[in-house]
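Remarks on the structure that follows.
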Number of protein chains: 2
Amino acid sequence: MEEKAVNQVIDQVKEKFSRHLEREGFRKTSERFTILEEIYKRTDHFDAEALYIHMKTKNYRVSRATVYNTLELLANCDLIKKHQFGKNLTQYEKSFGYKQHDHLICEDCGRVFEFCDPRIQQIKDVMGDVLKFSVTQHSLNLYGKCQGACESGI
Amino acid sequence: MEEKAVNQVIDQVKEKFSRHLEREGFRKTSERFTILEEIYKRTDHFDAEALYIHMKTKNYRVSRATVYNTLELLANCDLIKKHQFGKNLTQYEKSFGYKQHDHLICEDCGRVFEFCDPRIQQIKDVMGDVLKFSVTQHSLNLYGKCQGACESGI
DNA sequence: TTGTGTGCAAAAGCTTTGCATGTTG
DNA sequence: CAACATGCAAAGCTTTTGCACACAA
C-alpha cells in the first residue's frame with residue numbers, strides 16, 4: 001500500500017530529525033515535526049510561502065518565522081535541499097532517500113524536471129583537485145523549453 | 001597598453017549594444033551606454049545595487065530603475081550574464097569575448113572562482129536529447145571551501 | 001512633436017528580526 | 001523555572017511599478 005510506505009518514510013525522517021536536534025542541542029517542538037511531516041506528505045518543489053499557506057489551510061497554528069526557521073534546520077541535516085531556479089526565490093525539495101539529481105527548468109511553463117548524469121561527479125572531483133577546493137555540494141540547472149507537454153499547450 | 005585594449009572592447013560592446021537596441025526598436029539613450037561602459041571598465045561579479053552606488057560615486061545621475069532596466073537589456077543581448085550564487089541576489093558579469101565557464105563559490109569567504117570543463121557541454125547535449133528538451137543555457141555552481149587564500153586567513 | 005525612457009519615490013515580494021508569550025528540558 | 005521557540009507584526013533588502021518630466025527619433 002502506497003500510504004504505508006509514505007508513513008514509513010515519515011517515521012524515518014522524524015527519527016533522523018530528532019537525532020539532529022538532540023545532537024545540536026535544539027528543542028524538539030511539535031511545530032518542527034509537524035512541518036517536517038507535511039513536507040514529506042507532499043510532493044516535489046515548494047517555497048516557504050506555499051508551505052506556510054498549506055499549513056494554514058490545514059488549520060495548523062504556525063507562523064512564517066517558524067516555517068523559515070524549520071526549513072533552515074531541515075536543510076542543515078539534509079532532510080531537504082534548497083534550490084534557486086533562476087528567480088530570487090528559494091525553493092525546497094525533500095531529499096531523504098533520493099538519489100543525487102539535477103534539474104531542467106522550462107523557461108516557458110516554469111516546470112521543473114529531474115535528471116541524473118554521472119559526469120557531474122567527475123567534474124566535481126577533478127575541479128576540486130585541480131583548484132585545491134574541497135567541494136561540498138553543487139547546483140546544476142539546465143534551462144530551456146520542454147518539447148513535450150509545454151509545446152503541445154498543456 | 002592595457003587601457004587601449006579595454007577601450008577597444010568598450011567600443012565593440014557599444015557597437016553590439018547599439019545594433020541590439022536598433023533591432024529591437026529601443027532608444028539609444030546616454031544612460032544605457034554609460035552603464036554599459038562602467039560595467040566593462042570594472043571587473044568580475046557585481047549586483048545591481050553595487051553598480052548603482054558605483055554610478056552615484058562617479059556622479060552620474062542615474063536611478064535604480066534605469067540600472068535594472070539596462071541590466072535586463074544587456075542580459076538579453078548576451079553582453080552580461082546573470083547569476084545566483086546561493087543567495088537571493090542576482091549577480092552579473094560581463095560576458096563579451098569570454099569563453100564559457102562555470103563557478104566555484106567559497107562558502108567561507110564568498111569569493112567566486114571560475115573554471116571550464118567540457119563535460120558540461122556533453123551533459124547538456126545528452127540530456128536535451130534524451131528528455132526532449134531544447135537546452136538554451138545552464139548554470140553550474142560548485143560550493144565548498146578554497147584551501148588556498150581562504151584557509152590561510154586572507 | 002510624440003511617445004519611450006528616466007528619475008524619484010512608493011510599493012511589492014521574500015526573508016529576517018524584535019518582543020512578549022508559551023513550551024521544552 | 002530558566003532558556004529557548006513561537007506567533008505576530010514590523011523592518012530589511014532586493015526588485016518592480018507609477019507618475020511627471022525629459023529627450024531620442
Side-chain angles (χ1 to χ4, degrees), chain A residues 14 17-38 45-77 80 82-93 110, chain B residues 14 17-38 45-77 80 82-93 110:
Chain A
K14 281 188 179 175
F17 193 28
S18 185
R19 283 197 306 271
H20 173 75
L21 294 174
E22 226 157 73
R23 194 183 328 120
E24 303 285 322
F26 292 116
R27 291 185 176 171
K28 301 179 187 177
T29 67
S30 64
E31 289 83 357
R32 287 173 176 171
F33 287 98
T34 308
I35 290 172
L36 174 59
E37 186 163 345
E38 288 306 318
H45 305 93
F46 58 92
D47 59 64
E49 183 67 15
L51 178 58
Y52 172 72
I53 299 295
H54 173 75
M55 302 294 292
K56 284 295 187 188
T57 305
K58 287 210 157 186
N59 286 317
Y60 291 112
R61 190 170 171 278
V62 285
S63 64
R64 270 181 254 268
T66 301
V67 168
Y68 277 99
N69 173 356
T70 304
L71 287 171
E72 204 56 41
L73 291 170
L74 292 172
N76 288 341
C77 63
I80 61 174
K82 283 176 146 179
H83 294 290
Q84 286 167 273
F85 297 130
K87 293 179 295 184
N88 284 327
L89 169 73
T90 303
Q91 295 192 264
Y92 303 85
E93 70 180 343
Chain B
K14 282 189 177 174
F17 193 28
S18 184
R19 283 198 304 272
H20 174 75
L21 294 174
E22 225 157 73
R23 195 184 326 120
E24 303 286 322
F26 292 116
R27 292 184 177 173
K28 301 179 188 177
T29 68
S30 62
E31 290 82 359
R32 287 174 177 171
F33 287 98
T34 307
I35 290 172
L36 174 58
E37 185 163 345
E38 287 306 317
H45 306 92
F46 59 92
D47 59 64
E49 183 68 14
L51 178 58
Y52 172 72
I53 298 295
H54 173 75
M55 303 294 291
K56 283 295 185 187
T57 304
K58 287 211 157 186
N59 287 315
Y60 290 113
R61 190 167 172 280
V62 286
S63 64
R64 279 187 186 79
T66 301
V67 167
Y68 278 98
N69 172 355
T70 304
L71 287 171
E72 205 56 42
L73 291 171
L74 292 172
N76 289 341
C77 62
I80 61 175
K82 283 175 145 178
H83 295 289
Q84 285 166 274
F85 297 129
K87 294 179 293 184
N88 285 325
L89 169 73
T90 303
Q91 296 192 265
Y92 303 85
E93 68 178 347

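Just so it is clear, the structure is predicted and the values come from calculations on it, not from any experiment.
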**Asked** With the threshold set at 4.0 Å, does a side-chain nitrogen-carboxylate oxygen contact exist between B:K56 and B:E49?
**Response** no
Can any side-chain N or O of A:S18 pair as donor or acceptor with the backbone N or O of A:K14 at less than 3.5 Å?
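Looks like no, no N/O pair under 3.5 Å.
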When you compare the protein's N or O atoms with those of nucleotides 8-11 of chain D, which come within less than 3.5 Å of each other, and at what distance?
none

_Among residues 19-30 of chain A, which ones have heavy-atom contacts with DNA chain D below 4.0 Å?_
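Under 4.0 Å from DNA chain D: A:F26, A:R27, A:T29.
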Nearest 0.5 Å please: distance from the [atom1] atom of [X] over to the [atom2] atom of [Y].
X	Y	atom1	atom2	answer
B:M55	B:T34	CE	OG1	5.5 Å
B:F17	B:I80	CZ	CD1	9.0 Å
B:Y60	B:E31	OH	CD	11.5 Å
A:L74	A:R32	CG	CZ	9.5 Å
A:T90	A:F85	OG1	CZ	10.5 Å
B:R64	B:I53	CZ	CD1	6.5 Å

Minimum heavy-atom separation for A:A48 to A:V67, with atom names?
->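 Minimum heavy-atom separation between A:A48 and A:V67: O-CG1, 3.8 Å.
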Side-chain atoms of A:Y68 come closest, of C:dT15, D:dT15, C:dG7, to C:dT15
Within this structure, what is the [atom1]-to-[atom2] distance between [X] and [N], rounded to whole angstrom?
X	N	atom1	atom2	answer
B:I53	D:dC13	CD1	C1'	13 Å
A:L89	D:dC13	CG	C1'	15 Å
B:K82	D:dT14	NZ	P	16 Å
B:F33	D:dC23	CZ	P	17 Å
B:Y92	D:dT14	OH	P	12 Å
A:L73	D:dT6	CG	P	8 Å
B:Q91	D:dT14	CD	C1'	12 Å
B:K87	D:dG12	NZ	C1'	15 Å

task = Take A:K87 and B:Q84 through the test side-chain contact (heavy atoms from CB on, under 4.5 Å) and record every step on the way to the result.
result = CA-CA 8 Å; A:K87 293 179 295 184; B:Q84 285 166 274; 5.7 Å; no
- Query: Does the ring center of A:H54 lie less than 6.0 Å from the ring center of A:F46?
  - Reply: no
Note to self: Under the criterion side-chain contact (heavy atoms from CB on, under 4.5 Å), I'd like the reasoning laid out for B:I35 against B:T66: C-alpha separation, chi angles, the key distance, then a yes or no.
What the structure shows: CA-CA 9 Å; B:I35 290 172; B:T66 301; 4.1 Å; yes
- prompt: Looking for any heavy atom pair under 4.0 Å, which part of the strands does A:N69 touch: base, sugar-phosphate only, or nothing?
  reply: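 Counting heavy atoms under 4.0 Å across all strands, the contact made by A:N69 is with sugar-phosphate only.
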Closer than 4.0 Å, any side-chain N/O of A:N88 to the OP1 or OP2 of C:dC14?
no
Which residue, B:E31 or B:D47, contacts DNA chain D at a nucleotide closer to its 5' end, judged by nearest heavy atom?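 It is B:D47 whose nearest nucleotide is closer to the 5' end.
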At 10 degrees resolution, what angle do the end axes of the helix from C:dT1-D:dA25 to C:dG25-D:dC1 form when each is taken over five base pairs?
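End-to-end axis angle for the helix from C:dT1-D:dA25 to C:dG25-D:dC1: 30°, rounded to 10°.
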